[in-house]
Amino acid sequence: MNIFPATSRMQKISVLLFLAWVCFLFYAGIALFTSGFLLTRLELTNHSSCQEPPGPGSLPWGSQGKPGACWMASRFSRLVLVLIDALRFDFAHPQRSHGPGEPPVSLPFLGKLDSLQRILEIQPHHARLYQSKADPPTTTMQRLKALTTGSLPTFIDAGSNFASYAIVEDNLIKQLASAGRRVVFMGDDTWKDLFPGAFSQAFFFPSFNVRDLHTVDNGILEHLYPTMDSGKWDMLIAHFLGVDHCGHKYGPHHPEMAKKLSQMDQVIQGLVERLENDTLLVVIGDHGMTMTGDHGGDSELEISAALFLYSPKALFPGAPPEEPEIVPQISLVPTLALLLGLPIPFGNIGEVMAELFSEVEDSQPHSSALAQASALHLNAQQVSRFLHAYSAASQDLQITELHRLQNLFSNASADYQRLLQSPQGAEAALQNVITELQQFLRGVRAMCIQSWARFSLGRMSFLLLHLLAAGIPITTPGPFTVPWQAVSAWALMATQTFYSMGHQPVFPAIHWHAAFVGFPEGHGSSTWLPALLVGANTFASHLLFAVGCPLLLLWPFLCESQGPRKRWQSLGNEAEARVRPEEEEEPLMEMRLRDAPHHFNAALLQLGLKYLFVLGIQILACALAASILRRHLMVWKVFAPKFIFEAVGFIVSSVGLFLGIALVMRVDGAVSSWFRQLVLAQQR
């Protein structure tokens with residue numbers, strides 16, 4: 001009597017193991033495609049140092065014989081870096097959004113940072129406003145990595161935005177610490193994970209509660225001015241979060257945004273009044289925000305951030321242009337390194353802002369051009385050294401373009417060395433060297449952006465083979481076979497529910513407020529619980545429909561029509577019906593499953609494989625779109641996020657399907673046991 005339960009139990013275990021194996025194949029295929037499309041750039045652990053110049057040849061003339069000089073003589077001893085999270089460019093430089101004769105558009109954030117414009121008008125040689133272009137993804141942790149290393153964070157790193165790890169690459173903070181400089185930080189506690197133990201003094205405040213507009217900013221203001229007046233620092237970093245949190249909670253057009261920007265304006269005024277001549281003030285936004293206050297993608301509003309530089313002493317030879325210059329955000333890294341007399345971080349691919357290396361006190365344009373060329377040449381030597389090291393450790397870079405750029409640098413470097421030997425009367429040649437060096441640096445950045453978005457077609461084919469392998473055993477007919485139409489409709493209903501709940505497969509549309517459901521005061525230092533709540537809110541439809549998928553086994557019973565059988569009974573012989581009543585009775589619905597338990601297990605397996613196959617087709621379509629349109633302008637805004645959402649949705653759905661089938665098997669086992677006991681009781 002116990003043989004049949006044991007056999008049925010083994011069949012169920014075999015079904016679950018086979019489904020687990022198929023899911024593993026899909027996971028492997030997704031992982032291979034992800035590693036080929038959303039490439040993670042190889043992080044080199046090399047570090048720049050003053051003892052090792054970036055290349056052959058003598059150091060710039062300005063750095064020779066000066067105490068504390070490294071690659072280039074420092075122009076500033078101290079730096080105040082004010083990072084206003086999500087400081088969009090038009091917050092600092094509002095554009096005219098109306099034509100001639102039309103009334104101006106009134107927006108709450110316009111004119112709230114008027115101290116910047118006032119400084120630019122009163123002291124044009126001391127300040128500059130730039131439009132800083134951030135590289136996507138525009139999430140805070142990736143921007144912090146770029147602002148300190150000068151590198152290009154890859155898109156896949158966006159997944160670790162709430163569980164960041166220490167930066168292993170060379171960076172400005174590490175260079176300052178190596179030089180014995182005192183770095184004081186206050187603000188967003190994300191820096192604590194990125195730079196553990198790097199600060200001589202730190203005041204960290206929790207950053208995840210986007211509903212809280214004031215805790216972090218007020219905490220900074222409590223320590224900012226006393227710390228600055230104490231003089232016990234060489235670099236002071238203040239990372240304000242109120243503007244970003246206000247955007248998430250209210251949007252940029254809310255009156256609360258005007259209040260936050262006015263508060264930041266007062267902070268900047270207070271800092272300007274306290275600056276000494278040897279101190280540089282940098283005010284920067286790590287990214288912008290959309291019209292709804294979100295960020296993470298690559299729209300113009302998300303990647304456009306403000307960058308403001310101010311020095312009590314004259315820093316720029318000319319007046320600022322009417323329209324601020326557009327600079328890549330990573331250009332700030334080599335610029336600050338050389339201005340502070342530090343080596344440029346080893347993995348930097350940013351271009352120095354040459355304007356800041358002009359000789360303001362020297363009226364000769366040749367001297368300014370030579371100083372700019374010296375800074376650019378050091379920068380180009382450092383980038384060339386990085387390319388050699390990176391190409392030796394990885395094959396990501398395009399060989400032909402790499403050779404072309406190295407030849408361009410070799411020619412520019414040779415021209416620069418010749419100019420150093422005879423610097424007089426060669427202004428045209430000097431400008432030509434500057435142009436060549438800038439072309440090299442910009443070409444390297446463009447090559448890296450293109451190379452690190454490339455994927456392997458072979459890995460994508462491996463994902464296709466997994467789909468075919470999963471589809472092979474699902475054509476076996478059986479008494480409980482669920483039609484393809486039902487399975488496809490069920491999967492499409494899961495997708496429809498995802499959209500009907502207000503979700504979209506893009507990062508700015510994630511319902512971050514779900515992290516605070518049941519926790520209005522925040523989660524303290526925990527990051528996993530809010531991430532779990534956001535994930536549950538986002539992929540609830542995938543999970544629920546996957547768990548309920550085994551219920552589709554009732555589909556054949558629901559589709560059966562009893563009408564013809566009843567008409568046959570009415571036309572038959574009533575006497576015969578009374579003689580053989582058992583021939584007219586059919587088992588009811590689920591009880592028919594008891595007649596063939598082995599067919600029931602096979603039907604569960606077929607249904608699970610069909611559902612996985614339909615989901616696999618969806619993710620394959622996303623993979624094909626991402627691969628075919630990998631050079632499309634919208635690849636990071638549309639196709640990469642869509643693939644990530646489909647991949648995570650597939651994983652959630654497969655886990656839910658496995659749990660649903662296991663639950664149905666558990667219920668089936670309990671019902672079978674009860675049914676056997678009922679039969680035995682009747683036989684007695």
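Worth knowing before you read on, the calculation uses all heavy atoms, side chains too, and leaves out hydrogens, waters and symmetry mates. Position 1 is the first residue of the sequence, and the numbers go up from there.
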At what distance, to the nearest 0.5 angstrom, does [atom1] of [X] lie from [atom2] of [Y]?
{"X": "Ile330", "Y": "Lys133", "atom1": "CD1", "atom2": "NZ", "answer": "14.5 Å"}
{"X": "Leu615", "Y": "Gln618", "atom1": "CG", "atom2": "CD", "answer": "5.5 Å"}
{"X": "Leu604", "Y": "Leu552", "atom1": "CG", "atom2": "CG", "answer": "11.0 Å"}
{"X": "Arg88", "Y": "Gln131", "atom1": "CZ", "atom2": "CD", "answer": "11.5 Å"}
{"X": "Cys246", "Y": "Leu213", "atom1": "SG", "atom2": "CG", "answer": "5.0 Å"}
{"X": "Ile30", "Y": "Ile619", "atom1": "CD1", "atom2": "CD1", "answer": "3.5 Å"}

Under a 4.5 Å cut-off applied to non-hydrogen side-chain atoms, are [X] and [Y] in contact?
{"X": "Met289", "Y": "Leu301", "value": "no"}
{"X": "Phe545", "Y": "Thr495", "value": "no"}
{"X": "Thr538", "Y": "Met501", "value": "no"}
{"X": "Leu657", "Y": "Val547", "value": "no"}
{"X": "Phe89", "Y": "Ser132", "value": "no"}
{"X": "His214", "Y": "Lys260", "value": "yes"}
{"X": "Val243", "Y": "Met257", "value": "yes"}
{"X": "Pro252", "Y": "Phe91", "value": "yes"}

Indicate whether any N or O donor in one side chain lies under 3.5 Å from an N or O acceptor in the other, for [X] and [Y].
{"X": "Ser654", "Y": "Tyr27", "result": "yes"}
{"X": "Ser304", "Y": "Glu300", "result": "yes"}
{"X": "His245", "Y": "Asp85", "result": "no"}

Taking [Y]'s backbone N and O only, do any of them form a donor-acceptor pair with [X]'s side chain (distance below 3.5 Å, no angle check)?
{"X": "Asp189", "Y": "Lys192", "answer": "no"}
{"X": "Asp212", "Y": "Thr215", "answer": "yes"}
{"X": "Asp286", "Y": "Leu83", "answer": "no"}
{"X": "Thr149", "Y": "Lys145", "answer": "yes"}
{"X": "Ser488", "Y": "Gln485", "answer": "no"}
{"X": "Ser151", "Y": "Asn348", "answer": "no"}
{"X": "Gln329", "Y": "Gly285", "answer": "yes"}
{"X": "Glu302", "Y": "Ser299", "answer": "yes"}
{"X": "Arg143", "Y": "Asp135", "answer": "yes"}
{"X": "Asp217", "Y": "Gly242", "answer": "yes"}

Step through it carefully: locate the ring centre of [X], locate the ring centre of [Y], and say whether they are under 6.0 Å apart.
{"X": "Tyr499", "Y": "His503", "answer": "no"}
{"X": "Phe24", "Y": "Trp21", "answer": "yes"}
{"X": "His513", "Y": "His248", "answer": "no"}

Can you classify the ring geometry of [X] versus [Y] as parallel (below 30°), tilted (30 to 60°) or perpendicular (above 60°)?
{"X": "Phe539", "Y": "Phe645", "result": "tilted"}
{"X": "Phe650", "Y": "Phe26", "result": "tilted"}
{"X": "Phe185", "Y": "Phe204", "result": "tilted"}
{"X": "Phe199", "Y": "Phe195", "result": "perpendicular"}

Taking only residues two or more places apart in sequence or in another chain, which ones pass side chain to side chain donor-acceptor pair (under 3.5 Å) with Asp265?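 Checked Asp265 against side chain to side chain donor-acceptor pair (under 3.5 Å); matches are Ser115, Gln269.
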Is there a salt bridge (charged side-chain N to carboxylate O under 4.0 Å, His left out) between Glu646 and Lys642? Walk through the geometry before answering. CA-CA 6 Å; Glu646 286 292 343; Lys642 175 63 174 175; 3.0 Å; yes
Please identify which of these residues, Leu307, Val82, Val80, meets the side chain to side chain contact (heavy atoms under 4.5 Å, CB included) condition with Val282. Leu307
Among Leu144, Leu194, Ile173, which one satisfies side chain to side chain contact (heavy atoms under 4.5 Å, CB included) with Ile167? Leu194
Chi angles and distances behind the side chain to side chain contact (heavy atoms under 4.5 Å, CB included) call for Phe308, Leu113: CA-CA 11 Å; Phe308 177 77; Leu113 293 176; over 6 Å; no
For atom NZ of Lys259, decide whether the heavy atoms of other residues, nucleotides or ligands shown that lie under 6.0 angstrom number more than 12. no
